[in-house]
A.B. asks: 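After the structure tokens below, expect a handful of questions from me.
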Amino acid sequence: MPDPAKRPHLYLIDGSGYIFRAYHALPPISRGDGTPVGAVYGFSNMLFKLLQDLGDNDRPSHLAVIFDAGRTTFRNDIYPEYKAHRPPAPEDLIPQFPIIREAVEAFGVEAIEMQGYEADDLIATYATQARDKGWRVTIVSSDKDLMQLIDDNISMFDSMKSTRIGIDGVADKFGVGPDRVIDVQALAGDSADNVPGVPGIGVKTAAQLINEYGNLETLLDKAEEIKQPKRRQNLIDFAEQARVSKQLVTLAVDAPVETGLDAFAVRNPQAEKLLSFIDKQQFRSLRAKVLNHYGDTLEGSDPVTDVLVTPKEIEYQCVTTKDVLATWVEHIKKAGQVTIDTETTSLDPMLADLVGISLSIEPGKACYIPVGHVGESDDLLAEAPEQLSKDHVIQTLKPVLEDRSILKIAQNMKYDRTILARCGINVSPFDDTMLISYALDAGKHGHGMDELAGIHLDITPIPFKEIAGTGKNQITFDKVPLDKATTYAAEDADITGRLWRILKPRLAAEGATTVYETLERPLSSVLSAMEQEGVKVDTDTLRRLSNEFATGMASLETEIHELAGREFNIASPKQLGEILFDEMGLSGGKRSAKTGAYTTNAEVLEALAAEGHTLPAKVLEYRQFAKLKSTYTDALVAQVNPTTGRVHTSYHMAATTTGRLSSNDPNLQNIPIRTSAGRKIRQAFIPEAGNILLAADYSQIELRVLAHMADIDALKTAFSDGIDIHAMTASEVFGVPIDDMDPMVRRQAKAINFGIIYGISAFGLARQLGISRGDAQTYINAYFEKFPGIRAYMDTTIDFAKKHGYVETLFGRKCHIKALTEKNPMRRQFGERAAINAPIQGTAADILRRAMIRMPKALKEAGLEEVKMLLQVHDELVFELPETLRDKAETVIRETMEAACKPVLDLSVPLVVDCGFGANWDEAH
DNA sequence: CCACTCACG
DNA sequence: GACGTACGTGAGTGGC
């Protein structure tokens, strides 16, 4: 028996069943020449969907579609009336049969049929052959006649319902196991197939009788014993008819098939064949889907080599006439895909004005369509170059960019989507090379276009600086001359298209499709909407705070200078260090390894303050004010968008190793909360009048994920029972009762719990708690003694990481850890800790992503369109909503977040979401 | 442009 | 036995 994980898996598709389903599911469609192709279309889509949808575990290694060859089979020799009542195939279906066989061939799949045998017999024959060789078999059909074949290795799959039927499913349907299905059918008959059976007996009664007597022959032999007179008589009178019926329903497992199983090995379709078939039928959306799925892995298309992505010549065109633009649109429609890039006046998509759009369909060919260029001098109107109007270009491209059958490809589509959304275009569908790269290579390198171009294409794109200058002399893109702008912009679209051709096929090949399709791509538009929504800040409050902080800083500055005996720049760690440790002669001055400067961070200053020194304490105060003022109050006021009056952050989807988002310009994921002065800044985040803010955060999500991943019963039970997890840890590690726990002991346990998530070290824990390294080590030892499963989890994770170079989240996201291969033991241990942390932090991040992706639909379905998701802060989502919707919104939000793992992951601990609401973000906590 | 510091989870 | 450390971010400032 081959390795069960790797043994072949044969899929046998009931082609006739597929055809009839396709025919009835779709309205009549004809192609240009009048030939009806509705069923062909439905069939092709179903076949493609099956090839595309199956998860990694269920992927076929072998595949064939089985058809009926004609109306008469060996069963008509046994019973001429078999299937005699079947109406002929509908008139408009008949010409589609041969086209459907072409479709199967075009997809590179074997089509099997044989005169004298039904498709079911061929399926039975192949299924049995494969099973006997130790293969797994899936029969794709909903025909109950095939259920007799089901066993431990053969199952059925209903592709419309996406449900798999095994032995249990048969029992549900027939009331007996698969081995007695034919006995039941022999008794019950089948009016659709004109199988007579025994009168007065249906499936229910048949199952009851077979279960009682064991099988058909025994039942017929003992028919005299049946109590019910009518049933007894029928069983006696129609015994022979039952036997004939059994023959009719019994599938032949010995059909003399000629094609061997090996011929069914799955292979990628040949591009030319498949695309020409699709084009002949005029299936535009299918064309796009097929290209999207196979990328350039299609056999016979240029392989992914230099030939494909390195064009022989470069042809970049500046489009300034309607005719040329129309030609591009035609080419895009024909190709079914286009790479797009927008050029604007700002990196902030909420401030940026559209300047031009570049497009590319194939490597080496791209165009730039200027729409917002102005003159190079200040005399704007006089020197603006000739270009198409923005309005005309938008109206011309809108149908293409919104066409569901045309795939739009971009590098960081979220940016372009926001820009285009502001022009009234809703881009769909799309692929994003930045996100594909992230799904594949998170942690290996960055995912910006220039970096990817260097790595995958060995190209250094024209630096933006080269065309726009640097520093205060830098000009915006609308002032770049058209020739330079065209070279730069068209190159971006060209490179993005070439990157897509390299990266897209890797998704399927490296098992990253699910991460990309379920955690990356759908989030892009959700974030775009959140960014466009923005959040309101109370600028008056921020300005007032800024003044308060400035006043505080000024008086502290005087005091500090007096204490130091001279003036110096308090904000300079270098100068401060010299004052403290050289001039004032305080002890404990540690120099940093890199520059040799004294360390003056909060930890050091706090220690000095604790010794009774005033100056360090004042500096700490000063630093807090300085930080809050420069990073928050002043910066936030400056970030308010003049048009919307709100602050629009930008979420970076591909920044972290672990799958977390990051927020920038401004960063709204590090708004103060830990100190009262800091919380005043949070109070400046407010809703519009009549609205409230609602903050929903996952309670202890990372510890819950850890409890599940490491499978720690004590932790899981504590979470299920709603026990304070830090108190529980304290009770286990320090042997104290949970009730009336000393807050200091709980604090220590909390630090241990966080330490575990970070890949604990005695040094780190000691520093966090201000205890000796020896004591910290004692705590850690005690912890691992109580929770040995954690140690095991950590060891397993590090082993996996070292073997593969990456770790995985519960949702399959790969996080590559570079430092694991370091020779320097310190850096390598750093990698080991990162490897322990990444699956935990990453799984939590995946859960947040799932919740966010589902949130808009969940709100909409509850009639809560007015509830707007504004912010994400790693374990928290912030919403703005009319106060009247508070309770209903809270329910939907909580349910969506708590169920975010489902249905693909059944977490063994509950997820708990705490919701708060209020007139500002601080109150909402 | 890097180092340092510090805000958040 | 010596490395010199908690995990993941972004932003402001000083200083070379």
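Here the structure is a predicted model, which is why all the values come from computation and not from measurement.
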A.B. asks: Encode nucleotides 2-9 of chain B as B, S and - characters from 5' to 3', where the letter depends on protein heavy atoms closer than 4.0 Å: B to the base, S only to sugar-phosphate, - to neither.
C.D. replies: -SSSBBBB

A.B. asks: Give, ordered by number, those residues of residues 765-801 of chain A having at least one heavy-atom distance below 4.0 Å to an atom of DNA chain C; if nothing qualifies, reply none.
C.D. replies: Leu765(A), Arg767(A), Gln768(A), Arg773(A)

A.B. asks: Thr657(A) has a side chain; which of dA6(C), dT9(C), dG14(C) sits nearest to it?
C.D. replies: dT9(C)

A.B. asks: Just one of Met653(A), Gln872(A), Gln532(A) clears the side-chain contact (heavy atoms from CB on, under 4.5 Å) bar with Leu527(A), so which one?
C.D. replies: Met653(A)

A.B. asks: Remember a base hit wins even if backbone is also touched, and classify Gly759(A) as base, sugar-phosphate or nothing at under 4.0 Å, heavy atoms.
C.D. replies: nothing

A.B. asks: Check side-chain hydrogen bond (donor to acceptor under 3.5 Å, both in side chains) between Glu822(A) and all other residues, then give those that pass, not counting sequence neighbours.
C.D. replies: none

A.B. asks: Look at all strands and tell whether Phe830(A) reaches a base, only sugar-phosphate, or nothing, counting heavy atoms closer than 4.0 Å.
C.D. replies: sugar-phosphate

A.B. asks: Is there a side-chain contact between Thr656(A) and the phosphate of dG8(C), meaning an N or O under 4.0 Å from OP1 or OP2?
C.D. replies: no

A.B. asks: Could you work out, with side-chain hydrogen bond (donor to acceptor under 3.5 Å, both in side chains) as the rule, every residue matching Tyr698(A), not counting sequence neighbours?
C.D. replies: none

A.B. asks: Only counting residues at least two apart or in another chain, list the ones meeting salt bridge (charged side-chain N to carboxylate O under 4.0 Å, His left out) with Arg813(A).
C.D. replies: Glu520(A), Asp846(A)

A.B. asks: Rounding to an integer number of Å, can you tell me how far Lys590(A) NZ sits from dG4(C) C1'?
C.D. replies: 11 Å

A.B. asks: List the atom pairs, with distances to 0.1 Å, where a side-chain N or O of residues 442-452 of chain A and a protein N or O form a donor-acceptor pair under 3.5 Å, not counting sequence neighbours.
C.D. replies:
{"unit_1": "Lys444(A)", "atom_1": "NZ", "unit_2": "Asp441(A)", "atom_2": "OD1", "d": "3.3"}
{"unit_1": "His447(A)", "atom_1": "ND1", "unit_2": "Ser437(A)", "atom_2": "OG", "d": "2.7"}
{"unit_1": "His447(A)", "atom_1": "NE2", "unit_2": "His445(A)", "atom_2": "O", "d": "3.1"}
{"unit_1": "Glu451(A)", "atom_1": "OE1", "unit_2": "Gly446(A)", "atom_2": "N", "d": "3.4"}
{"unit_1": "Glu451(A)", "atom_1": "OE2", "unit_2": "Gly446(A)", "atom_2": "N", "d": "2.9"}

A.B. asks: Apply salt bridge (charged side-chain N to carboxylate O under 4.0 Å, His left out) to Lys574(A) and list each qualifying residue two or more places apart in sequence or on a separate chain.
C.D. replies: Glu578(A)

A.B. asks: Have Thr600(A) and Arg623(A) got a donor and an acceptor in their side chains that come within less than 3.5 Å?
C.D. replies: yes

A.B. asks: Quantified in whole Å, what is the P atom distance between nucleotide dT5(B) and nucleotide dT5(C)?
C.D. replies: 13 Å

A.B. asks: For Ala834(A) and for Phe763(A), find the nucleotide of DNA chain C with the closest heavy atom, then tell me which residue's nucleotide is more 5'.
C.D. replies: Phe763(A)

A.B. asks: Please state how far atom NZ in Lys750(A) lies from atom P in dC7(C), giving the value in whole angstrom units.
C.D. replies: 19 Å

A.B. asks: Can you sort out the partners of Arg544(A) under salt bridge (charged side-chain N to carboxylate O under 4.0 Å, His left out), two or more places apart, ordered by chain and number?
C.D. replies: Glu548(A)

A.B. asks: Out of dG8(C), dG14(C), dG12(C), which nucleotide sits closest to the side chain of Ala635(A)?
C.D. replies: dG12(C)

A.B. asks: What does the 5'-to-3' dot-bracket notation of DNA chain C look like when only Watson-Crick and G-U wobble pairs under 3.5 Å count, and pairs to other strands show as |?
C.D. replies: ......|||||||||.

A.B. asks: Whether Arg791(A) engages the ring of Phe784(A) as a cation-pi pair (distance to the six-membered ring centre under 6.0 angstrom, angle to the ring normal within 45°) should be assessed.
C.D. replies: yes

A.B. asks: Suppose you measure atom P in dA3(B) against the same atom in dA6(C); what distance do you get, rounded to whole Å?
C.D. replies: 16 Å

A.B. asks: Between atom CD1 in Ile840(A) and atom P in dA6(C), what is the gap in whole Å?
C.D. replies: 18 Å

A.B. asks: Could you tell me which residues satisfy side-chain hydrogen bond (donor to acceptor under 3.5 Å, both in side chains) with Thr595(A), sequence neighbours excluded, listed by chain and number?
C.D. replies: Ser592(A)

A.B. asks: Quickly work out the Ile757(A) CD1 to dG8(C) C1' distance and round it to whole Å.
C.D. replies: 12 Å

A.B. asks: Picking from dG12(C), dA6(C), dG8(C), which would you name as closest to the side chain of Ser630(A)?
C.D. replies: dG12(C)

A.B. asks: How many whole angstroms separate atom CD of Gln829(A) from atom P of dT5(C)?
C.D. replies: 12 Å

A.B. asks: Under a 4.0 Å threshold between the charged nitrogen and the carboxylate oxygen, would Arg566(A) count as salt-bridged to Glu583(A)?
C.D. replies: yes

A.B. asks: Select base, sugar-phosphate, or nothing to describe what Asp665(A) touches, counting heavy atoms under 4.0 Å on all strands.
C.D. replies: sugar-phosphate

A.B. asks: Send over the distance from His816(A) NE2 to dC7(C) P, rounded to a whole Å.
C.D. replies: 20 Å

A.B. asks: Name all residues meeting the salt bridge (charged side-chain N to carboxylate O under 4.0 Å, His left out) criterion together with Arg767(A); count only those two or more places apart in sequence or in a different chain, and write none if there are none.
C.D. replies: Glu603(A)

A.B. asks: When the distance from CE of Met553(A) to C1' of dT13(C) is rounded to whole Å, what number comes out?
C.D. replies: 11 Å

A.B. asks: Taking the same atom, P, in dA2(C) and in dC6(B), what whole-Å distance lies between them?
C.D. replies: 32 Å

A.B. asks: Tabulate below the donor-acceptor pairs under 3.5 Å that side-chain atoms of residues 798-808 of chain A make, not counting sequence neighbours, or state none.
C.D. replies:
{"unit_1": "Lys802(A)", "atom_1": "NZ", "unit_2": "Glu832(A)", "atom_2": "OE2", "d": "2.7"}
{"unit_1": "His804(A)", "atom_1": "ND1", "unit_2": "Phe800(A)", "atom_2": "O", "d": "3.1"}

